[in-house]
Amino acid sequence: MKLLILEAGHCLSLAMAREANRRSDTELIIEPSLKTTPSLLDELRPDALVIPPLSRPISAEPAAVSAHAEAVEACMEACHEAGIPLVWCVSDQLYEDGFGVPIEEHVIPEPRDDSLRRLVRTGDRIRAECPHHLIVRLGPLFALEGSHAWLGELLDTFMDGGEVRAASDVIFCPTSADAVAMALIGMLQQQHCGADAWGSYHLAGTEPVSAYTFVSMVRTQLATRLEGRGERVTLGNVKALNHHHDQPLRRVLNCRRVLEVFGVHQKPWRLEVGRMLDTWCLVREEESVQR
């Protein structure tokens with residue numbers, strides 16, 4: 001199976017490259033930008049085009065959100081012309097106001113924000129004009145490297161002694177970029193073998209948690225590992241923010257359909273964070289030896 005993924009520096013693109021390199025059944029081609037053309041698709045003939053998500057669209061500049069939506073729609077038109085399936089990964093932030101219960105795949109986001117509505121219109125076009133598509137809604141991605149690699153940014157801030165502010169009343173499911181990469185390749189392998197299970201899917205980690213609790217846990221695990229290595233580092237602090245004074249905003253994705261259709265189990269974010277921190281410490285130790 002041959003896949004084409006856009007945005008070479010995105011943390012999901014890097015995770016997809018690592019996963020593809022571990023497998024003998026998947027070839028991954030990475031394009032540097034968020035652009036493709038029918039001629040390029042005809043030349044490469046990938047089995048699917050994968051577009052990483054625009055992370056944190058709620059806080060992104062409206063121009064950046066519009067540019068992302070326009071680029072995705074241009075890719076969709078190219079895929080339709082070339083007969084190539086499209087995979088578009090989308091942030092859970094499109095569910096702007098959250099839900100009191102886990103959000104099912106059939107629930108189309110209805111945000112109030114103009115920029116978020118622009119992304120929803122893109123999804124509407126994909127569903128209407130591109131029969132062979134996967135819209136994969138993700139929780140907040142975390143990884144050690146690449147753009148939008150939330151965990152790497154947290155570690156850098158803590159190590160520099162900076163303060164991290166995080167909402168204590170926004171509940172979501174942090175999602176490992178590595179776990180998403182593994183799941184996407186598994187899903188597309190099944191599609192390549194004739195599963196024909198196109199549509200929208202939710203893919204997020206287990207155990208809903210507040211942003212503040214997640215960030216605090218990262219700091220605690222980081223401190224434990226540094227102390228275990230005999231390092232004395234004054235880490236930055238975490239400050240809790242409260243945006244929803246009446247009740248917490250819950251943005252929890254129900255990932256039942258991806259399990260029923262593709263057999264994909266969600267990975268616990270605590271285990272993924274621990275594994276990534278072990279990797280970070282190992283790299284740090286190797287770099288100190290080289291110096």
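This structure is a prediction, so every number in the text was calculated from the model and none was measured. Throughout, residue positions are numbered sequentially from 1 according to the sequence presented.
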Can you find a pair of side-chain heavy atoms, one from [X] and one from [Y], that are under 4.5 Å apart?
{"X": "Tyr212", "Y": "Val238", "answer": "yes"}
{"X": "Leu3", "Y": "Leu49", "answer": "no"}
{"X": "Leu138", "Y": "Val90", "answer": "no"}
{"X": "Cys173", "Y": "Leu253", "answer": "no"}

When you compare the side chains of [X] and [Y], does any donor N or O come within less than 3.5 Å of an acceptor on the partner?
{"X": "Arg118", "Y": "Thr122", "value": "yes"}
{"X": "Ser33", "Y": "Glu7", "value": "no"}
{"X": "Gln191", "Y": "Asp196", "value": "no"}
{"X": "Asp169", "Y": "Ser210", "value": "no"}

Could you tell me whether [X] and [Y] have a side-chain N and a carboxylate O separated by less than 4.0 Å?
{"X": "Glu231", "Y": "Arg284", "answer": "yes"}
{"X": "Lys35", "Y": "Glu31", "answer": "no"}
{"X": "Glu163", "Y": "Arg219", "answer": "no"}
{"X": "Glu145", "Y": "Arg18", "answer": "yes"}
{"X": "Arg121", "Y": "Asp124", "answer": "no"}
{"X": "Lys267", "Y": "Asp178", "answer": "no"}

Next item on the list: Assess whether salt bridge (Lys or Arg N to Asp or Glu O under 4.0 Å) is satisfied between Arg127 and Glu105, documenting all intermediate values.
Entry: CA-CA 13 Å; Arg127 280 185 288 272; Glu105 281 93 344; over 6 Å; no

Next item on the list: Verify whether the ring centers belonging to Trp198 and His133 lie closer than 6.0 Å.
Entry: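 Centroid separation for Trp198 and His133: 6.0 Å or greater.
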
Next item on the list: Assert yes or no for the condition that the ring centre distance of Phe172 to Phe214 is strictly below 6.0 Å.
Entry: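 No, ring centres 6.0 Å or more apart.
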
Checklist line | Ring-face cation contact, Tyr201 with Arg257, 6.0 Å cut, 45° max | finding: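 Flagged: Arg257 positioned over aromatic ring of Tyr201.
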
